[in-house]
Trainee: 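Submitted below is the structure of interest, expressed as structure tokens.
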Amino acid sequence: MLNQLGPLCSKAGLSGNCLVITDENVAGHYGAAVVKSLESAGFTVAKTVLTPGEQTKCGDQLFNLYSECIKAGLDRKSFIVALGGGVIGDLAGYAAASYLRGIRFVQVPTSLLAMVDSSVGGKTGINIPEGKNLVGAFHQPELVLADLDTLKTLPAREYAAGLAEVVKYGIIFDAPFFELLEKNIDRLSDVNEVELLARLVGRSCGIKADVVAQDEREGGLRAILNFGHTVGHAIEKVAGYGEYVHGEAVAIGSVYAARVSVEVTGLSQRECDRIERIFPALNLPVTAPGYAWQDLRNALTVDKKTVGGMPRFVLASEIGTVSFGNEVPEALMEKIWNGMV
Ligand SMILES: NC(=O)c1ccc[n+]([C@@H]2O[C@H](COP(=O)([O-])OP(=O)(O)OC[C@H]3O[C@@H](n4cnc5c(N)ncnc54)[C@H](O)[C@@H]3O)[C@@H](O)[C@H]2O)c1
Ligand SMILES: [Zn+2]
């Protein structure tokens, strides 16, 4: 579908010149096709290629992008194309949200995580040394184009990480979808299972869009998308960004949240076991050996979802039904963690 990008941008009402922002891993595979499609549709195209990795989602790179925007002659009518995973999507999206007080942008997600999560919903931003995603803006893309063929070059570990978010949608919103994942567990990791993959990506985006349409700015309901992320983000921070990729930390955080749910919101042990089983079957970790509770607890306090120093958890009462804003007693938080390391 990448060769449809130019015509689809025209159809979405975009015009003028644009800057394609991508990273080195993605540029070699898809950069030329994207530029060609945009140029054929009459757009003037500049491209900038960044270093891959979470470290790129930072203030220095953001300011570098503003300079690239100026160099490319972008004005208020121009737009940015984010071609890559969630790092590129978040960074390029925030550049679009802030350059000239906001220009339009398009998401072309190429990682599974970006397709099912970060490219939809309008959250953009960067990391600062104090924590992940602490600076950003809500800025909706004009268009999201997810070409499943691009997943064929995605490293297996990154693909598995994306599946963690897919599983999350089943847990928070859709028990039959969770069951579908369980039934097809051996086929989920095969990128050639195109029809199944289209169902996974389609349903995941559908759930995310549904939730965000009800609560764009996270006044309430949108928080359910953070299932597994309270502890997940803390793990990423304590381990140092990079040791675990985002989806892996979310898998561990999801098992943690499920175990807490058994104690606090009455999730049955049987359903907790189902959640614990699904992640290893997708080559995702469910424990984080060697990380002390106190370090994790300190990291929880910096997370932006804390209220008055107390972290809030999304917890399940059954698969498909969750509640948000749950406080968990200190002793229980610690006990559950110590049972996992
Ligand atoms: N905005 C949101 O709502 C939201 C939601 C979830 C996550 N995020 C953010 O997303 C980021 C993680 O995204 P990610 O997992 O996509 O990471 P990423 O962007 O770092 O991509 C993972 C790796 O895969 C490579 N890659 C991507 N597509 C490829 C392809 N088709 N072929 C070969 N290599 C490819 C990238 O170069 C990178 O090395 C985090 O920063 C996280 O905070 C944002
Ligand atoms: Zn996530």
Side-chain angles (χ1 to χ4, degrees), residues 2 21-31 33-34 49-58 61 82-94 97 105 107-128 131-141 144 146-169 172 191 204-205 208-209 211-212 216 218 222-233 235-237 241-242 244-254 303-305 314:
L2 288 183
I21 300 172
T22 186
D23 75 24
E24 285 157 10
N25 293 338
V26 177
H29 293 297
Y30 311 111
V34 160
V49 181
L50 307 179
T51 308
E54 188 70 36
Q55 292 76 5
T56 286
K57 220 176 95 176
C58 68
Q61 290 295 340
L83 170 67
V87 164
I88 291 298
D90 279 14
L91 174 70
Y94 189 51
F105 86 118
Q107 291 270 21
V108 186
T110 61
S111 72
L112 181 57
L113 182 133
M115 288 183 188
V116 300
D117 194 353
S118 60
S119 68
V120 176
K123 276 193 186 177
T124 69
I126 57 167
N127 306 321
I128 57 174
K132 269 188 67 113
N133 301 324
L134 288 179
V135 174
F138 292 96
H139 192 56
Q140 297 292 348
V144 181
D147 182 342
L148 300 180
D149 276 347
T150 61
L151 297 176
K152 289 182 177 152
T153 57
L154 186 70
R157 186 176 174 193
E158 298 294 346
Y159 184 84
L163 286 175
E165 304 280 2
V166 174
V167 169
K168 176 190 82 179
Y169 290 115
I172 63 171
V191 286
S204 297
C205 288
K208 178 142 189 195
V211 170
V212 174
E216 184 186 14
E218 203 164 329
R222 185 170 180 157
I224 70 172
L225 298 169
N226 293 316
F227 182 84
H229 282 60
T230 309
V231 158
H233 283 151
I235 292 169
E236 283 184 284
K237 178 143 198 286
Y241 298 125
Y244 292 105
V245 298
H246 178 71
E248 291 170 346
V250 168
I252 301 165
S254 297
D303 190 276
K304 62 186 180 305
K305 272 109 200 170
V314 180

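Ligands are counted one by one from 1 in listed order, and the atoms in each one are counted from 1 as well.
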Trainee: A97: which residues meet the side-chain contact (heavy atoms from CB on, under 4.5 Å) condition with it, sequence neighbours left out?
Mentor: Y94, T124, A137, H139
Trainee: Looking at S111, which atoms of ligand 1 are within less than 4.0 Å of one of its heavy atoms?
Mentor: 14 (P), 16 (O), 28 (N)
Trainee: To which protein heavy atom is atom 4 (C) of ligand 1 closest, and what is the distance rounded to 0.1 Å?
Mentor: S118 CB, 3.2 Å
Trainee: So if I count the atoms of ligand 1 from 1 in the order they appear, which ones are less than 4.0 Å from some heavy atom of Y30?
Mentor: 31 (N)
Trainee: Just to be sure I read this right, does ligand 1 sit under 4.0 Å from the backbone of L113, its side chain, both, or neither, counting only heavy atoms?
Mentor: side chain
Trainee: Is there a donor in the side chain of S111 and an acceptor in the side chain of Y159, or the other way round, less than 3.5 Å apart?
Mentor: no
Trainee: Would you mind listing which atoms of ligand 1 come within a distance below 4.0 Å of any non-hydrogen atom of P52?
Mentor: 37 (O), 39 (O)
Trainee: Heavy-atom contacts under 4.0 Å between T110 and ligand 1: side chain, backbone, both, or neither?
Mentor: both
Trainee: Assess, by modelled atom type and distance only, whether the side chains of E165 and H246 contain a donor and an acceptor separated by less than 3.5 Å.
Mentor: yes
Trainee: Could you tell me whether M115 approaches ligand 1 through its side chain, its backbone, both or neither, with non-hydrogen atoms closer than 4.0 Å?
Mentor: neither
Trainee: Do me a favour and list the nearest non-hydrogen protein atom to atom 3 (O) of ligand 1 with residue, atom name and distance?
Mentor: K208 NZ, 3.4 Å
Trainee: Give, for atom CD of Q107 and atom CD1 of I88, the distance between the pair rounded to the nearest 0.5 Å.
Mentor: 10.5 Å
Trainee: First locate atom OG1 of T56, then atom CD1 of I126, and finally report the distance between them rounded to the nearest 0.5 Å.
Mentor: 12.0 Å
Trainee: Can you check which of S119, G86, G53, G122 brings a heavy atom nearest to atom 17 (O) of ligand 1?
Mentor: G86
Trainee: Does the side chain of Q61 come under 3.5 Å of the side chain of Q55 through a donor N or O and an acceptor N or O?
Mentor: no
Trainee: Is there a side-chain contact between V167 and S254 in this structure, where contact means two heavy atoms from C-beta onward sitting under 4.5 Å apart?
Mentor: no
Trainee: Would you call D90 and K123 a salt bridge, using N to O less than 4.0 angstrom?
Mentor: no
Trainee: Roughly how far, to the nearest 0.5 Å, is the CD1 atom of I172 from the NZ atom of K208?
Mentor: 9.5 Å
Trainee: Any side-chain heavy atom of N226 sitting closer than 4.5 Å to one from E218?
Mentor: yes
Trainee: Among all protein heavy atoms in this structure, tell me which lies nearest to atom 6 (C) of ligand 1, with the distance rounded to 0.1 Å.
Mentor: D117 OD2, 3.3 Å
Trainee: Tell me how many protein N, O or S atoms are closer than 2.8 Å to the Zn ion (ligand 2).
Mentor: 3
Trainee: Which distance, rounded to the nearest 0.5 Å, do you find between the CG of L91 and the NZ of K57?
Mentor: 8.5 Å
Trainee: Does a salt bridge link E236 with K132, judged by any charged N lying under 4.0 Å from a carboxylate O?
Mentor: yes
Trainee: Got an N/O contact under 3.5 Å between K123 and ligand 1?
Mentor: yes
Trainee: Considering non-hydrogen atoms only, spot the tightest contact between P109 and A146 and give its length.
Mentor: CG-CB, 4.0 Å
Trainee: Of N25, V212, L154, D90, which has the heavy atom at the shortest distance from atom 24 (O) of ligand 1?
Mentor: L154
Trainee: Would you mind running through ligand 1 and noting each atom that sits below 4.0 Å from a heavy atom of V26?
Mentor: 26 (N), 27 (C), 28 (N), 29 (C), 35 (C)
Trainee: For atom 21 (O) of ligand 1, which protein heavy atom lies nearest, and how many Å away is it?
Mentor: G85 CA, 4.1 Å
Trainee: Mind checking whether N127 contacts ligand 1 via backbone (N, CA, C, O), side chain (CB onward), both or neither, at a 4.0 Å heavy-atom cut-off?
Mentor: neither
Trainee: Could you identify the single nearest non-hydrogen protein atom to atom 20 (O) of ligand 1 and state the distance to 0.1 Å?
Mentor: V87 CG2, 3.4 Å
Trainee: So which heavy atom on S118 is nearest to which on G86, and how close?
Mentor: OG-CA, 3.3 Å
Trainee: For ligand 1, does A161 get within less than 4.0 Å through its side chain, its backbone, both, or neither, judged by non-hydrogen atoms?
Mentor: neither
Trainee: For ligand 1, note which part of E54 has a heavy atom under 4.0 Å away: side chain, backbone, both or neither.
Mentor: side chain
Trainee: List the closest protein heavy-atom neighbour of atom 34 (N) of ligand 1: residue, atom name, distance to the nearest 0.1 Å.
Mentor: P155 CD, 3.8 Å
Trainee: To the nearest 0.5 Å, how far apart are CD1 in I252 and OH in Y244?
Mentor: 4.5 Å
Trainee: So which bit of K132 gets within less than 4.0 Å of ligand 1, heavy atoms only: side chain, backbone, both or neither?
Mentor: side chain
Trainee: If you compare all heavy atoms of L2 against all heavy atoms of D147, which two are closest, and at what distance to 0.1 Å?
Mentor: N-OD2, 3.2 Å
Trainee: Identify the protein heavy atom lying closest to atom 33 (C) of ligand 1, giving its residue, its atom name and the separation to 0.1 Å.
Mentor: T153 O, 3.1 Å
Trainee: Could you tell me whether K57 and ligand 1 have an N or O pair separated by under 3.5 Å?
Mentor: yes
Trainee: Within the 4.5 Å heavy-atom criterion, are L148 and V191 side-chain neighbours or not?
Mentor: no
Trainee: At what distance is the nearest protein heavy atom to atom 37 (O) of ligand 1, and which residue and atom is it?
Mentor: D23 OD2, 2.6 Å
